[in-house]
Number of protein chains: 2
Amino acid sequence: MTTDTPARLLQLLSLLQTPREWPGSELADRLQVSRRTVRRDVDRLRELGYPVQATMGADGGYRLVAGKALPPLVLDDEEAVAIAVGLRAGAGHAVEGIEEASVRALAKLEQVLPTRLRHRVNTLGAATSSLVYSGGGDGATIAPETLTVLAAATSGHERLRFSYEAGDGARTRRLTEPYRLVSAGRRWYLVAYDMDRDDWRTFRVDRVSEPFATGARFVPREVPTGDAAEFMRATVWRGSPTFEIDVAFAAPVAEVARRLPPAFGTPEATGEDSCRLRSTVKDSLEWAAMRLAMTGVDFTVHGPAELVEQVAQLGSRLTRATSA
Amino acid sequence: MTTDTPARLLQLLSLLQTPREWPGSELADRLQVSRRTVRRDVDRLRELGYPVQATMGADGGYRLVAGKALPPLVLDDEEAVAIAVGLRAGAGHAVEGIEEASVRALAKLEQVLPTRLRHRVNTLGAATSSLVYSGGGDGATIAPETLTVLAAATSGHERLRFSYEAGDGARTRRLTEPYRLVSAGRRWYLVAYDMDRDDWRTFRVDRVSEPFATGARFVPREVPTGDAAEFMRATVWRGSPTFEIDVAFAAPVAEVARRLPPAFGTPEATGEDSCRLRSTVKDSLEWAAMRLAMTGVDFTVHGPAELVEQVAQLGSRLTRATSA
DNA sequence: CTCAATTAGGTCGTGACCTGTCCTACATGA
DNA sequence: TCATGTAGGACAGGTCACGACCTAATTGAG
């Protein structure tokens, strides 16, 4: 009923996003305007960079096609929920390089998601595996809400308060100026300026709880090394153990590569039906052992000894499980 | 530089979707209009149902918050790619009930996705596991493109041509009027009217290849049973196997529940440090075995025999892997 | 407390723009 | 060949969008 022009344009955009053809007369009917105006509106959309394709002749119509710019997505409730759930489930084990964009998109969506849909996302999301792959071991799971709150505070330059659990289990409350959220391997880190300590810190996101933005904005400081990822690497990667793993698979290289997480890198072929993987793994070999098991192909662990131990332990546990 | 009003509104909407506060003066600056006009535009957005929250006082500003309706999402390139990849990866093993919405959203996005982004999605998507969980088993994977083409043709009422592989391996070309895309368990089915056979059929999507919409529209016929899902169930449902699993854990119920995917349901306590899980699993026990292994606690499989077999097989593979 | 910075909203005049109604040209499928 | 669709020009009338200027209310900092 809103006879407003911009409103009508938005409505037209949403109609055209349905993957079907719309005859001008039907559009005119829906939008409560004359067919001439519909043509003008279509022209306007085209001028805005959204390519509306028109098929001529009888049985013709309008349809939005791929162009240079991405038009604003008009989603219905179910689609929005599906995207949110997919993003939550996917953000953790997503492909290298898009985890952060994934979280940004999720933050953007959740910012405007109506509460009734938020409930549905929460209940549905609870049914999926947790966001970050919980390699069975240290239970380092991250609530999707935590990630989105951190992402929002970071990009909005808002001070952030949260409770942090140190390595020794002690919990402290922190007031920080978050600078960047970085995904490294299967862990997330927050590079932030700690207001209490008066210095830069990197926080492991899985140890952050009850985060909330204070609302107070700040002007970003200069990061010590100039780059947040650099700083994170420098502060975090020293001290945590690294392992050089070496595993042989009894399957074609293509198949193994397909079933292995890309973070492991690519195995190299050693024969028609065999290949070998050499890679460096940080911190937790339990995770590595699990991913090897999940490939579903036969393999042999050549090293290091710690990985042999992990795999053997897992194997014996499974064997015990069936011997009762 | 387009001084157009609707264009400016869209731009404002995209600015406000960034999770941060925007002072009116900055918005006026960016949009090249007076502050008064910015206020008017904000009013307009509010009238359209998009709740723009304004914080008063010094250091105030505007920000888009959750409301009743979902505003059109304005995404940048990376976010769009992240959503597409997440949707592709998630659509297959997503939560019950949203698979179809997931595919609809993906079809909507891909319809307008610029080609340069489509390339990125393809290359990134190739690195992830295939869309439908390939439980190591029958290799019934579905290309995401196939699903989106079918979804688009279905909702656009366009005739669909594809090559179909029957159970005996014979390939035939089909011309159909697609009626609905149904997800059931791990499989996807297309309920369509077969123009050559002159009758309704259900097609398994994993056996469809080279689908494309002819562009010719049709008027939907009446489905025999009135409901497509009903029809599919009647024609296809030969009961995919279901298993009643029964597993005992040597750990407190709370810990086990935390490490188990919620889809399994909740185990019940059988003692201080033990609990038992009874649940039904459809179709793939390999997945169940994997998730049990991932709990990282000792357990005993009581049944069924197939699950014992799966776990034993996995255990022996791991043991072999370390015995070299 | 006081000041500064912000949102909120009213009014007014000018000019641009938006709409519907004509009209013609062109493309396409039956 | 005809029906039906898009494409787009011309025009008149009314509307509405913009900026300038004003006052009020709210909030945080000094």
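Nothing here was measured: the structure is a model prediction, and the numbers come from that model. All values below come from the heavy atoms of this structure, side chains included, with hydrogens, waters and symmetry mates left out. Quick note on labels: first sequence line is chain A, next is B, and so on, each numbered from 1.
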Just the table, please: protein N/O against nucleotides 27-30 of chain D N/O, every pair under 3.5 Å.
residue	atom	partner	partner atom	Å
D/dT27	O2	B/A58	N	3.4

Query raised in the report: Atom CG of A/D41 and atom CZ of A/R39: how far apart are they, to the nearest 0.5 Å?
Result: 11.5 Å

Query raised in the report: Of all heavy-atom pairs between B/A82 and A/A101, which one has the smallest distance, and what is that distance?
Result: CB-C, 3.9 Å

**Report entry** For atom CG of A/L27 and atom P of D/dG5, their distance in whole Å
**Finding:** 12 Å

Report summary line: To the nearest angstrom, the CG-P distance between A/D43 and D/dT6 comes to 13 Å

Query raised in the report: With a non-hydrogen cut-off below 4.0 angstrom, is B/V42 in contact with a base, only sugar-phosphate, or nothing?
Result: nothing

Requested in this report: May I have the distance from A/Q53 (atom CD) to C/dA27 (atom P), rounded to whole angstrom?
Outcome: 16 Å

Query - Atom pair CG (B/L12) and OG1 (B/T37), whose distance is rounded to the nearest 0.5 Å - result: 11.5 Å

Report task. For the pair A/D77 and A/R116, evaluate salt bridge (charged side-chain N to carboxylate O under 4.0 Å, His left out) and give the outcome as yes or no after the intermediate values. Result -> CA-CA 10 Å; A/D77 286 3; A/R116 69 198 141 83; 2.5 Å; yes

Report task. Side-chain contact test, heavy atoms from C-beta onward, threshold under 4.5 Å: evaluate it for B/P178 versus B/L150 and give yes or no. Result -> no

Query raised in the report: Hey, does the side chain of B/Y50 reach the backbone of B/R44 with a donor-acceptor pair shorter than 3.5 angstrom?
Result: no

Requested in this report: First locate atom CG of B/L73, then atom CG of B/L109, and finally report the distance between them rounded to the nearest 0.5 Å.
Outcome: 9.5 Å

Check nucleotides 21-23 of chain D for protein N or O atoms closer than 3.5 Å to its own N or O atoms and list the pairs.
none

Query raised in the report: Heavy atoms, side chains only, cut-off 4.5 Å: are B/D199 and B/R201 in contact?
Result: yes

Query raised in the report: Between the main-chain N or O of A/A151 and the side-chain N or O of A/R104, is there a donor-acceptor pair closer than 3.5 Å?
Result: no

**Report entry** Rounded distance in Å - CD (A/E47) to P (C/dC17)
**Finding:** 12 Å

Query raised in the report: Rounded to whole angstrom units, what separation is found between the CZ atom of B/R44 and the P atom of C/dA8?
Result: 15 Å

**Report entry** Whichever of B/R35 and A/R40 has its nearest DNA chain D nucleotide further upstream toward 5'
**Finding:** A/R40

Requested in this report: Whole angstrom is fine here: how far is it from CG in A/D29 over to C1' in D/dG5?
Outcome: 16 Å

**Report entry** Presence of A/T5 side-chain N/O under 4.0 Å of C/dT19 phosphate oxygens OP1/OP2
**Finding:** yes

Query - A/F203 and its ring-ring contact (aromatic ring centres under 6.0 Å, His included) partner, picked from A/Y164, A/Y189, A/Y193 - result: A/Y164

Query raised in the report: Do other residues, nucleotides or ligands put more than 12 heavy atoms under 6.0 Å from A/R35 CZ?
Result: no

Query raised in the report: What pair of heavy atoms forms the shortest contact from A/L64 to A/P51, and how long is it?
Result: CD1-O, 3.5 Å

Query - Side chain of A/T37 (C-beta onward), nearest among C/dG9, C/dG20, D/dC18 - result: C/dG20

Report task. Measure from the side-chain heavy atoms of A/Y62 and tell me the nearest of D/dT6, C/dT7, D/dA17. Result -> D/dT6

Report task. Using five base pairs at each end, measure the axis-to-axis angle across the helix from C/dC1-D/dG30 to C/dA30-D/dT1 and round it to 10 degrees. Result -> 60°

Requested in this report: Rounded to the nearest angstrom, tell me the gap between atom CG in B/L31 and atom C1' in D/dC18.
Outcome: 14 Å

Requested in this report: Round to the nearest Å and state the distance from A/E26 atom CD to D/dT6 atom P.
Outcome: 11 Å

